[in-house]
Amino acid sequence: MDLVIRGARVVDGTGGPSYTADVGVHAGRVTEIGRIRAGGRRTLDAHGLVLAPGFIDMHAHSDLALLRDPDHSAKAAQGVTLEVLGQDGLSYAPVDDRTLTEVRAAIAGWNGPGDDVEFTWRDVAGYLDRLDRTGIAVNAAYLVPQGTVRAYALGWDDRPVTPAELDRMRRLVADGLAQGAVGMSSGLTYTPGMYASGAELTELCRVVARYGGYYCPHHRSYGRGALGAYAEMVALAREAGCALHLAHATMNFGENQGRAGELLALLDDALAAGADISLDSYPYTPGCTTLVALLPSWANEGGPDAVLARLRDDAEAERIRHALEVTGADGCHGVPVDWSAIEVSGTTDPAYGAYVGTRLDGWESARRLLLGDRLGPTVLQHVGHEENVRAIMRHPVHTGGSDGILRGAKPHPRAYGTFPHYLGHYVRELGVLSLEECVAHLSGRPAARLRLPDRGLVREGHRADLVLFDPQTVAAGATYENPRVLPAGIPYVLIDGRFVMRDGRRTDVLAGRSVRRTPHDGR
């Protein structure tokens, strides 16, 4: 036996009661649980520590970070052993040369421009192969990004698809799923994914269903039209016969304060009728996105160069301002923007770094920043409500997702703090969830959504992706003022039985691999 962990309090990811046991690990898997008399090549005394399955980040934006940063302590130190990439309908595969250039510019605020990454792939298989060849800190699964697929098939125009274009999109989605993707994502407040009709999305979800994947939408509104947007996603997924996972599910802006119960009632009705639904959320109230994403959809039509041209034109810029401040842009969820709630968290050009940490004082400041930083700024939106956050995390189909954007001088603390913040603040300090239930939300339930039969639980035969933490001291170190501080109380993290964190320090082990779910045959 490679390792014996002695005297751990095992919280196994099922939500059931914890128990004390020794846990044996050999060849990357849990081989024995109970009282282990034999020794291993190594022994770890875990008295006082909880042993849990490694945490699964159901909504991660580490698509390039995993390639450029082999340390990746932002996630490894939280106990994360698997991230789900390709989120919000925009990522880097499948692409051709044109689409790759456009996507890199469109999501530079999420991942940086990518000048330090060699883009040697064009399809999903090539991207996953690249992760494996490079060697990565934690495991990674991938969603086919619907917005990227639409850009590949017909560009960034706001128009209905032709039958031939829809067939091409179906093939691109099917190819990605056949190559190991676990499902498809959408970003329906981001261009060009937001230009898709419900019928178009339903047809793509039929493909996802045939391959046994799930649909993960960032839906059309988290503000004025939030409940209707959730209902649209539930209805189209049910029509397509597709499993549905609602991305960073929350109820934001003043219109939705105290209305989480209405969302949960909608989901409960669908679940009772047989729908396959889950969701993820982060345990914070502000959101985080790119500044350009707040603009109305018509201002984003045509891609990044077209957006910059509109911003330079005074008449077009005035139209954008009116949509943002008066009527409420669809990019800002139908709610007139409150500039005092918009805090700049990062820029791609250091020349604009003075904006970081400041609240925008109006449209002209936003316009100058968008033009100067070429659409690169990321922002925090202080629009959430604590009672909604707590109500949603209690729901039995809830899972944890950081939505962590790692770029920027002052990123949202959720990137470095989501999982210990659940365990420290919402379990130990507030008692919103029991420890056993919370661990299930962060491990067993995500693995079940991903349909990974040998992950997410402390169980004999399962992969030894494990985290040991102190339930009395675990806490997020990251704050809004200092968002890159690593957590406390998580001394050990293992992936495939190898220590990626030991004694609270990152090792040099790169144990992560792409996790490719074997699809159905697609017929």
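Computed from heavy atoms alone, side chains included, the values below leave out hydrogens, waters and symmetry copies.
- A salt bridge links Arg463 to Asp496: at least one charged side-chain nitrogen sits closer than 4.0 Å to a carboxylate oxygen.
- Residues Arg68 and Glu118 are not paired through a salt bridge, judged by the lack of any N-O separation under 4.0 Å between the basic side chain and the carboxylate.
- Between atom CG of residue Leu172 and atom CE of residue Met184 there is a gap of 12.0 Å, rounded to the nearest 0.5 Å.
- Within the 6.0 Å centre-distance limit, the rings of Phe119 and Tyr92 are counted as a close aromatic pair.
- A donor-acceptor contact shorter than 3.5 Å links the side chain of Asn139 to the backbone of Thr81.
- Remark: Asp97 engages Arg122 in a salt bridge, criterion side-chain N to carboxylate O under 4.0 Å.
- Ring planes of His421 and Tyr426: perpendicular class, angle over 60° (limits at 30 and 60°).
- For the pair Tyr492/Val467, no side-chain contact is recorded, criterion being any heavy-atom separation below 4.5 Å from C-beta on.
- By the 4.5 Å heavy-atom criterion applied to side chains, Gln87 and Leu143 are counted as neighbours.
- Taking the side chain as every heavy atom from C-beta outward, Trp156 and Thr191 approach each other to under 4.5 Å.
- Using a cutoff of 4.0 Å between basic side-chain nitrogens and carboxylate oxygens, Glu203 and Arg206 are scored as salt-bridged.
- For the pair Pro420/Ile490, a side-chain contact is recorded, criterion being any heavy-atom separation below 4.5 Å from C-beta on.
- Taking the six-membered ring wherever Trp is involved, the centroid distance between the rings of Tyr215 and His245 does not fall below 6.0 Å.
- Judged by distance alone, the side chains of Ser91 and Asp63 do bring a donor and an acceptor atom under 3.5 Å apart.
- The closest side-chain donor-acceptor pair between Thr378 and Ser345 falls under 3.5 angstrom.
- A cation-pi arrangement is present between Arg502 and Phe499, with the terminal nitrogen or guanidinium carbon under 6.0 Å from the aromatic centre and inside a 45° cone about the axis.
- In this structure, the separation between SG on Cys205 and CZ on Arg238 is 14.0 Å, given to the nearest 0.5 Å.
- Electrostatic pairing of Arg449 and Asp276 counts as a salt bridge here, judged by a charged N lying under 4.0 Å from a carboxylate O.
- Cation-pi geometry between Arg414 and Tyr282 is met: the NZ or CZ atom falls under 6.0 Å from the ring centre, inside 45° of the normal.
- A donor-acceptor contact shorter than 3.5 Å is absent between the side chain of Arg517 and the backbone of Gly180.
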Query raised in the report: Do His248 and Tyr222 pass the ring-ring contact (aromatic ring centres under 6.0 Å, His included) test, and can you show the C-alpha distance, the side-chain angles, and the key distance before you say yes or no?
Result: CA-CA 10 Å; His248 39 62; Tyr222 290 80; 5.3 Å; yes
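- Tyr214 and Ser185 form no side-chain donor-acceptor contact under 3.5 Å, judged by distance and modelled atom types alone.
- Contact detail for Pro145 and Pro94: the closest heavy-atom pair is CD-CD, 4.3 Å.
- Residues Leu244 and Pro217 are in side-chain contact: their nearest non-hydrogen atoms beyond the backbone lie under 4.5 Å apart.
- With respect to the salt-bridge test (charged N to carboxylate O, under 4.0 angstrom), the residues Asp465 and Arg513 do not qualify.
- With hydrogens and angles left out, the side-chain atoms of Thr99 and Asp96 include a donor and acceptor closer than 3.5 Å.
- Summarising the geometry, atom CD belonging to Glu436 is positioned 11.5 Å from atom OH belonging to Tyr19; distances are rounded to the nearest 0.5 Å.
- For Asp129 and Arg516, the salt-bridge test passes: some basic side-chain N is under 4.0 Å from an acidic carboxylate O.
- Side-chain N or O atoms of Gln78 include one that pairs as donor or acceptor with a backbone N or O of Phe419 at under 3.5 Å.
- Minimum heavy-atom separation, Val439 to Pro53: CG1-CD, 3.9 Å.
- Arg98 places a side-chain N or O within donor-acceptor distance of the main-chain N or O of Tyr152, the cut-off being under 3.5 Å.
- Side-chain contact, Asn252 with His333: no donor N or O sits under 3.5 Å from an acceptor N or O.
- Side-chain contact between Leu188 and Leu201: present, with at least one pair of heavy atoms (C-beta onward) separated by less than 4.5 Å.
- In this structure, OG1 in Thr418 is found 7.0 Å from OH in Tyr422, a value given to the nearest 0.5 Å.
- Using a cut-off of 4.0 Å between Lys/Arg side-chain N and Asp/Glu carboxylate O, Lys75 and Asp69 are scored as not salt-bridged.
- Side-chain contact, Ser402 with His59: no donor N or O sits under 3.5 Å from an acceptor N or O.
- Proximity of Val10 to Ser18: side-chain heavy atoms (C-beta onward) are nowhere separated by under 4.5 Å.
- For Arg459, the CZ atom sits in a loose shell: 12 or fewer heavy atoms of surrounding residues, nucleotides or ligands are nearer than 6.0 Å.
- Residue Pro192 comes nearest to Gly147 through the heavy atom pair CG-O, 3.3 Å, listed as atom of the first residue, atom of the second, then distance.
- Using a cut-off of 4.0 Å between Lys/Arg side-chain N and Asp/Glu carboxylate O, Arg170 and Glu200 are scored as not salt-bridged.
- The aromatic rings of Tyr230 and His219 lie tilted to each other, with the angle between the two planes from 30° to 60°.
- For the residue pair Thr120 and Arg130, a side-chain donor N or O sits within less than 3.5 Å of a side-chain acceptor on the partner.
- Counted within 6.0 Å of CZ on Arg42, heavy atoms from surrounding residues, nucleotides or ligands total more than 12; the atom is thus considered enclosed.
- Asp403 and His412 share no side-chain donor-acceptor pair at under 3.5 Å.
- No side-chain N or O of Thr399 forms a donor-acceptor pair with one of Asp280 less than 3.5 Å apart.
- Within the 4.5 Å cutoff, the side chain of Tyr416 has no heavy atoms near those of the Pro483 side chain.
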